[in-house]
Undergrad: 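I'd like to ask you about the structure that follows.
Residues take their numbers from the sequence shown, with the count starting at 1. As the structure lists them, so they are numbered: ligands from 1, and atoms in each ligand from 1.
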Amino acid sequence: MAQLLSKSRRLRSTPFTPFVEAAGAKGYTVYNHMLLPTVFRTLEEDYRHLREAVQVWDVSGERQIEVVGPDAAKLIQWMTPRDLSQGIVGQCFYAPIIDERAGLINDPIVLKLAPDRFWLSIADSDVELWARALAIARGLDVNVFEAAVYPLAVQGPKAEALMTEVFGPVVQNIRFYRFAPLNFRGHTVNVARSGWSKQGGFEIYLSRASLAGALWKTLMRAGKTLDVHAGCPNLIERIESGLLSYGNDMTRANNPLECGFDRFCHHDRDFDFIGKSALQRVAKRGAKRRAMGLFIEGDALPPCLKPWPVKHEGKARGSVTSAAISPRFGCGVAIAMVDRDAWAPGTLVTVHVPNGDKRRAMVAPLPLGEEQAALTGFARGPVAGTSQPASASPVEGGEAKARQAA
Ligand code: THG
């Protein structure tokens, strides 16, 4: 198949697309019917650069579903098991949205703009339709629409330095998962300390599309000495960091407890939400599987386009949903949905890669860390780095040993 995605009105560009193109985007995916870049130089080069410098990401595909009106808070609380009653204006909440069976519909960040006005900063599914239908069916006094807002993420260890250069030291006062209205060229942009990496950074919510070029160029110019580069959510970094991708690592077939969202599920509190009794049932019996990390022996993994079977002692025990080669660990890394029988960290499993490979792998908690990698015996450590390569060699009975050590 030719590596080409035909563009049309259905596949929406963003106000940043011309600048993303000029910066050399080499690939895109489609996210909320919108272009989302996936790679600029190479996946590995983008990864190393993200962990050392600062990148500017066009994440406009994280659409903002605005919910506004007297019943806005009521509708949002009905959609999520996370208790939002104590939230204040200027706060962000990572909040799973579930259906009546407790299946995940989306995992947005909720921004509280006013007591009666919210943005759902959504992952890739049509939340606007769900929210509008709920509002109509329940006769809620609320307006639901996709706002013309285009988030731009600034991610990496030098993100704060770059943002200070552009917006002033005021950005340093923005705490994690808080946002503040700041001024850019006489226009208000909401700036949050958040983003889809664990390298630190901010997200700028731009609602004046005509300023996209100015914002992009200002960041690029101000970041020259910081080695700023265009970037995008990075597959390797987000697997290592344990950031689950909706549609890839979780779907409506998964409940939030399987995804490790326990701390965002308040099904034992005194408020009503869709899927509450279903979620309470899951909580009572316990999740049957869980999203876990894996270290996979060897290199050169194909992209995970279908779930790869995970076996333990010859039995099917789950599936890999995202995988990549990690320069940091010197082996494969993956996110997998793993059954209870095999989910204990340190469990040795076999991953059936579609090219016929049967790879040895070890279950590990997310985010993936050096300590767990050292237990595998096959994680060779950073190719050019400071950590010691893992030394233990895997032997029969290694599983029990690894489990103990974990
Ligand atoms: N930024 C914005 N919108 C988004 C995303 C984003 N919408 C879609 C998608 N990403 C939503 N998914 C996530 C998943 C994890 C996080 C953010 C968005 C995240 N998690 C932190 C963690 O796991 O450590 C903290 C969560 C918390 O403690 O509340 O940041 O990236 N605008």
Undergrad: Test of understanding: given a 4.0 Å heavy-atom threshold, classify the contact between Asp107 and ligand 1 as side chain, backbone, both, or neither.
TA: both

Undergrad: What protein heavy atom is closest to atom 13 (C) of ligand 1, reported as residue, atom name and distance in Å?
TA: Tyr94 CE1, 3.4 Å

Undergrad: Please identify which atoms of ligand 1 are closer than 4.0 Å to at least one heavy atom of Lys198.
TA: 22 (C), 23 (O), 24 (O)

Undergrad: Tell me whether His312 contacts the main-chain N or O of Ala342 through its side chain, where contact means a donor paired with an acceptor under 3.5 Å.
TA: no

Undergrad: So Phe167 and Phe184, would you call those rings parallel, tilted or perpendicular, with 30° and 60° as cut-offs?
TA: tilted

Undergrad: For residues Trp119 and Glu66, report the shortest heavy-atom separation together with the two atoms involved.
TA: NE1-OE1, 2.9 Å

Undergrad: Heavy-atom contacts under 4.0 Å between Leu244 and ligand 1: side chain, backbone, both, or neither?
TA: neither

Undergrad: Check ligand 1 against Glu203 and write out every atom of the ligand that is under 4.0 Å from a heavy-atom position of the residue.
TA: 1 (N), 2 (C), 6 (C), 31 (O), 32 (N)

Undergrad: Could you give the distance from CG (Asp71) to CG (Asn143), rounded to the nearest 0.5 Å?
TA: 12.0 Å

Undergrad: In ligand 1, which numbered atoms sit nearer than 4.0 Å to a non-hydrogen atom of Ala123?
TA: 7 (N), 8 (C)

Undergrad: At a 4.0 Å threshold, what atoms of ligand 1 neighbour a non-hydrogen atom of Glu62?
TA: 1 (N), 2 (C), 3 (N), 4 (C), 5 (C), 6 (C), 7 (N), 10 (N), 31 (O), 32 (N)

Undergrad: Is there a side-chain contact between Arg238 and Ser322 (heavy atoms, below 4.5 Å)?
TA: yes

Undergrad: Side chain, backbone, both or neither: which applies to Arg263 and ligand 1 if a contact is any heavy-atom pair less than 4.0 Å apart?
TA: side chain

Undergrad: For ligand 1, is Gly195 a contact, meaning one of its heavy atoms is under 4.0 Å away?
TA: yes

Undergrad: At a non-hydrogen distance cut-off of under 4.0 Å, which region of Phe264 contacts ligand 1 (side chain, backbone, both, or neither)?
TA: side chain

Undergrad: What do we get for Tyr205 next to ligand 1 when only non-hydrogen atoms under 4.0 Å count, side chain, backbone, both or neither?
TA: side chain

Undergrad: Once you measure the plane-to-plane angle for Phe329 and Phe295, does it fall in the parallel (<30°), tilted (30-60°) or perpendicular (>60°) bin?
TA: perpendicular

Undergrad: Using heavy atoms and a threshold below 4.0 Å, how should the contact between Tyr177 and ligand 1 be classified: side chain, backbone, both, or neither?
TA: side chain

Undergrad: Can you classify the ring geometry of Phe16 versus Trp216 as parallel (below 30°), tilted (30 to 60°) or perpendicular (above 60°)?
TA: tilted

Undergrad: Check this for me: does any side-chain nitrogen of one of Lys288 and Glu258 sit under 4.0 Å from a carboxylate oxygen of the other?
TA: no

Undergrad: Report yes if some heavy atom in the side chain of Phe202 is under 4.5 Å from a heavy atom in the side chain of Glu160; otherwise report no.
TA: yes

Undergrad: Taking only Lys NZ, Arg NE, NH1 and NH2, and the carboxylate oxygens of Asp or Glu, determine whether Arg48 and Glu52 approach each other closer than 4.0 Å.
TA: no

Undergrad: Can you confirm, on distance only, whether ligand 1 has an N/O atom lying under 3.5 Å from any N/O atom belonging to Ser121?
TA: yes

Undergrad: What atoms of ligand 1 come closer than 4.0 angstrom to any heavy atom of Tyr31?
TA: 8 (C), 9 (C)

Undergrad: If you count the atoms of ligand 1 from 1 in the order shown, which ones are under 4.0 Å from a heavy atom of Ile122?
TA: 7 (N), 8 (C)

